[in-house]
Amino acid sequence: MPDLPVIDPPAIVVTASRAEEKASDAPASVTLIATQRVERLGTPLVSDLLRLTPSASVAVSGPAGSQTQLRIRGAEANHVLLFVEGIRANDPASGNEPRFELLNADLASRIEVARGPQSALWGSEAIGGVVAVDGEAPGLGATHALVEAGSHRSLRGAARTSLGSADRGISIGIAGQRSDGIDAFSGDGERDGYRNAGVRALGRYRISPVLLVGASGFGLWGDSDFDGYNPDTFQRDDTLDESHNRLAAGRTFAELGQRDRTYALASASLLGSSNRNLLDDVPQNQTSATRRTLGLEAGHNLGGHLFIAALESELEHFHARDTAFGGVTNQDQSRRHNSLTIEWRGTKMGPLTPGLAIRHDAFSRFKNATTFRASLKADIASGVSISGNYGEGIAQPTFFDLYGFSPSFYIGNPDLKPERSRGWEVSARFVRGPFSGALTCYRQRLHDEIVDSPDFTSTVNASGTSRRHGVEAEAGWTFGKALRLSANYAWLDATEQKAEGVEPNREQRRPRHSGAIVADGELGRWNYGASLSYVGKHRDRRDSLPYDLVDLDSYWLANARLAYRISDGVEANVRVANLLDSHYQDLVGYRTEGRTIHAGLRLALGR
């Protein structure tokens with residue numbers, strides 16, 4: 001769903017390089033969802049917007065607020081790297097996965113998705129791609145608030161303000177939502193609802209023309225009910241399980257110089273997370289972790305050639321506790337990680353623009369890794385270009401992979417190596433007037449995949465090769481302010497081979513066919529947004545006896561929002577989710593919500 005065509009001022013992306021660049025110049029396939037589209041679609045969670053991007057498979061284990069996983073181009077859920085307000089936000093206490101179920105869309109003014117291996121720039125977990133979620137920038141001089149209520153006794157509220165200027169200002173946002181939900185197991189039991197709250201902030205202060213200091217941060221809190229397993233039969237049942245999740249982080253930085261010439265950037269960040277599970281209000285287990293990151297980056301523009309070098313040092317602490325098993329899963333672990341990244345972004349040489357990046361990651365608890373990326377963009381004619389790149393990605397073993405869950409039945413494997421992916425993509429792009437389009441082919445190979453051992457008591461690196469290849473087609477059309485239309489289609493073939501010489505299996509939770517159509521615009525006092533996404537047939541394994549493979553049906557998911565400006569600064573809206581009332585499952589045995597209707601008000605002061 002490219003936010004195309006690129007208009008003046010040009011769209012800027014930050015995930016396809018260590019430095020900002022125009023979206024039209026990015027060597028990787030990047031989707032940018034900007035503020036206007038986020039607001040007009042009006043969806044409550046960021047995962048609803050990610051579902052509309054090419055080759056993005058979103059799997060929600062029940063109603064809204066349940067555990068949510070994102071797989072890009074057939075990669076695993078922990079092969080997506082997430083940045084929130086410029087801070088690495090994958091949860092080390094939850095298998096290094098991003099916690100998309102906690103990400104409130106009312107905190108987001110900009111969402112960026114770069115597809116394909118990006119570890120040469122950003123390190124571990126960037127195998128399938130990178131997602132960056134940012135709030136409003138300082139200096140816009142506006143204050144906004146919204147309230148909304150709807151089906152399943154849902155409530156939603158948010159407020160944000162931006163003060164000062166872009167160089168000396170601050171922006172702050174708060175948001176919260178709740179819903180009674182539905183019964184995720186059979187439909188006849190108690191409702192499985194959720195509650196979440198979030199806060200984000202960004203402040204910048206320019207001391208002089210060449211010295212900028214600032215800080216950013218976010219806090220996410222989520223409580224969700226879910227149906228787990230009967231303790232007597234070990235089968236899925238209508239239980240009173242609940243999960244309490246917390247994720248918070250802060251970052252400070254100082255930048256000296258000018259980005260288009262010579263600059264140096266120093267930063268420090270700290271992230272903390274906590275995940276608690278309860279059954280009928282009785283604590284069962286808990287994991288928590290912290291991640292401290294120190295960074296130093298420098299760049300120099302030499303005749304249009306941009307050279308960037310970055311050093312990072314990371315320290316993680318992990319803690320696990322339980323009461324359900326008498327404390328046998330208790331553990332305290334830590335690990336260090338240092339890295340060096342070098343990037344060269346070449347100037348335009350006739351029709352060609354080259355780029356190279358290399359990164360070395362040194363891990364304290366397992367084997368080091370070096371990754372590489374090379375790109376070349378060729379401008380064929382006015383508005384027509386071809387871009388190609390080769391990239392590598394890695395994903396470090398999780399704390400559970402290394403040290404297990406319990407010394408009595410799942411012991412972990414401290415001798416694991418990082419998972420490694422290698423692949424290429426070729427993309428043809430077209431932008432002319434109100435029309436735009438792109439056609440991309442890609443192929444990736446995953447080696448040393450971390451899988452369960454044959455006796456399911458530990459983890460091992462697979463000797464086989466998992467393969468993913470596919471095609472993405474994107475198109476966009478803008479008809480003034482009245483209508484902006486975009487569409488995408490993705491075809492994916494993803495297989496997993498756990499042992500060399502063994503017949504590969506089709507990957508689960510990855511539809512072969514997927515796509516989306518998105519429209520938004522404004523006409524007089526009205527503004528509107530609508531989306532229609534398609535998820536093709538996909539396979540999943542039942543997570544209780546008989547643990548069989550089940551083919552899940554394809555489905556269409558439609559959402560729409562219509563708003564009317566009552567007066568300057570006051571807007572009323574109605575939103576319908578799952579407009580077609582589709583009965584669908586992303587995971588076998590986990591029911592999802594049908595059609596829901598919501599109404600609300602949005603208030604604005606200032607510009």
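FYI, the numbering just counts along the sequence from 1.
Partners of Phe226 under the ring pair (Phe, Tyr, Trp, His ring centres under 6.0 Å) rule, at least two apart in sequence or in another chain, do not exist in this structure. Phe185 meets the ring pair (Phe, Tyr, Trp, His ring centres under 6.0 Å) test with no other residue; sequence neighbours excluded. With sequence neighbours excluded, the residues that form a ring pair (Phe, Tyr, Trp, His ring centres under 6.0 Å) with Phe400 are Phe318. Annotation: ring pair (Phe, Tyr, Trp, His ring centres under 6.0 Å) contacts of Tyr534 (sequence neighbours excluded): Trp556.
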Report task. Evaluate side chain to side chain contact (heavy atoms under 4.5 Å, CB included) for Glu85 paired with Arg251, printing each intermediate quantity in order. Result -> CA-CA 9 Å; Glu85 296 297 335; Arg251 175 178 180 261; over 6 Å; no

Query raised in the report: Does the pair Ser514 and Val535 meet the rule for a side chain to side chain contact (heavy atoms under 4.5 Å, CB included), with working shown?
Result: CA-CA 5 Å; Ser514 63; Val535 178; 5.5 Å; no

Report task. Apply side chain to side chain donor-acceptor pair (under 3.5 Å) to the pair Tyr555 and Gln585, showing each step before the final yes or no. Result -> CA-CA 9 Å; Tyr555 64 87; Gln585 292 183 3; over 6 Å; no

Report task. Check the pair Ser179 / Ser154 against side chain to side chain donor-acceptor pair (under 3.5 Å), numbers first and verdict last. Result -> CA-CA 4 Å; Ser179 172; Ser154 66; 5.4 Å; no

Requested in this report: Let me see the working for Thr31 and Arg115 under side chain to side chain donor-acceptor pair (under 3.5 Å), right down to the final yes or no.
Outcome: CA-CA 8 Å; Thr31 296; Arg115 302 186 292 279; 2.9 Å; yes

Requested in this report: Take Trp491 and His469 through the ring pair (Phe, Tyr, Trp, His ring centres under 6.0 Å) test and state the conclusion after the steps.
Outcome: CA-CA 8 Å; Trp491 175 82; His469 63 276; 5.5 Å; yes

Report task. Kindly determine whether Ser55 and Leu492 satisfy side chain to side chain contact (heavy atoms under 4.5 Å, CB included), including the steps that lead there. Result -> CA-CA 8 Å; Ser55 295; Leu492 169 70; 6.0 Å; no

Query raised in the report: Would Asp543 and Tyr590 satisfy side chain to side chain donor-acceptor pair (under 3.5 Å), going step by step from the backbone distance to the final call?
Result: CA-CA 11 Å; Asp543 58 5; Tyr590 291 85; 2.6 Å; yes

**Report entry** Evaluation steps, side chain to side chain contact (heavy atoms under 4.5 Å, CB included), between Asn277 and Asp241
**Finding:** CA-CA 7 Å; Asn277 293 311; Asp241 284 272; 6.0 Å; no

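Of all heavy-atom pairs spanning Ser466 and Glu449, the tightest one is OG-OE1, 2.7 Å. Annotation for Leu121 and Ala357: closest pair CD2-CB, 3.8 Å, computed over non-hydrogen atoms. Closest non-hydrogen pair, Arg506 versus Lys537, comes out as NH2-O, 3.3 Å. Contact detail for Glu419 and Ile450: the closest heavy-atom pair is OE2-N, 3.0 Å. The shortest non-hydrogen separation linking Pro54 to Glu474 is CG-OE1, 3.7 Å. Asp134 approaches Gly86 most closely through the heavy-atom pair OD1-N, 3.7 Å.
Of the possible polar contacts, none joining the Asp448 side chain to the Asn461 backbone as a donor-acceptor pair under 3.5 Å is found. In this structure a side-chain-to-backbone donor-acceptor pair under 3.5 Å is missing from Thr341 to Arg359. With hydrogens and angles disregarded, a donor-acceptor distance shorter than 3.5 Å links the side chain of His538 to the backbone of Gly536. The backbone N or O of Glu593 lies less than 3.5 Å from a partner atom in the side chain of Asn578, making a donor-acceptor pair. Side chain of Arg51 to main chain of Leu49: no donor-acceptor pair is present (N/O by atom type, distance under 3.5 Å, no hydrogens or angles). Side-chain atoms of Thr239 come within 3.5 Å of backbone N or O of Gly228 as a donor-acceptor pair. A side-chain donor-acceptor contact under 3.5 Å links Gln497 to the backbone of Thr465. Looking only at distances, a side-chain donor or acceptor of Thr35 sits under 3.5 Å from a matching main-chain atom of Ser109. A donor-acceptor pair under 3.5 Å is formed between the side chain of Thr287 and the backbone N or O of Ala93. Side chain of Asn413 to main chain of Thr459: a donor-acceptor pair is present (N/O by atom type, distance under 3.5 Å, no hydrogens or angles).
Proximity of Ile33 to Val38: side-chain heavy atoms (C-beta onward) are separated by under 4.5 Å at one or more points. Residues Glu472 and Asn488 form no side-chain contact, since every pair of their non-hydrogen atoms from C-beta on lies 4.5 Å or further apart.
Using a 4.0 Å cut-off between a side-chain N of Lys or Arg and a carboxylate O of Asp or Glu, Glu425 and Arg73 qualify as a salt bridge. Salt bridge absent: Glu507 and Arg512 never bring a charged side-chain N and a carboxylate O closer than 4.0 Å. Under a 4.0 Å N-O distance rule, the pair Asp493/Arg510 does not qualify as a salt bridge. A salt bridge does not link Lys367 with Asp361: none of the charged nitrogens is closer than 4.0 Å to a carboxylate oxygen.
With Asn196 as reference, Asn104 is the one residue of Leu103, Asn245, Asn104 to meet the side-chain contact (heavy atoms from CB on, under 4.5 Å) rule.
Note that NE2 of His244 is 3.5 Å distant from CD of Glu242, once rounded to the nearest 0.5 Å.
By the 6.0 Å and 45° rule, Arg335 stacks over the aromatic ring of Phe399.
Counting only residues at least two apart or on different chains, no ring pair (Phe, Tyr, Trp, His ring centres under 6.0 Å) pair has a member in residues 26-64.
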Please report, to 0.1 Å, the donor-acceptor pairs under 3.5 Å made by any side chain of residues 122-130, with sequence neighbours excluded.
{"residue": "Trp122", "atom": "NE1", "partner": "Thr15", "partner atom": "O", "Å": "2.9"}
{"residue": "Ser124", "atom": "OG", "partner": "Gln396", "partner atom": "N", "Å": "2.8"}
{"residue": "Glu125", "atom": "OE1", "partner": "Arg88", "partner atom": "NH2", "Å": "2.9"}

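Heavy atoms from other residues, nucleotides or ligands lying under 6.0 Å from CD of Gln235 number more than 12.
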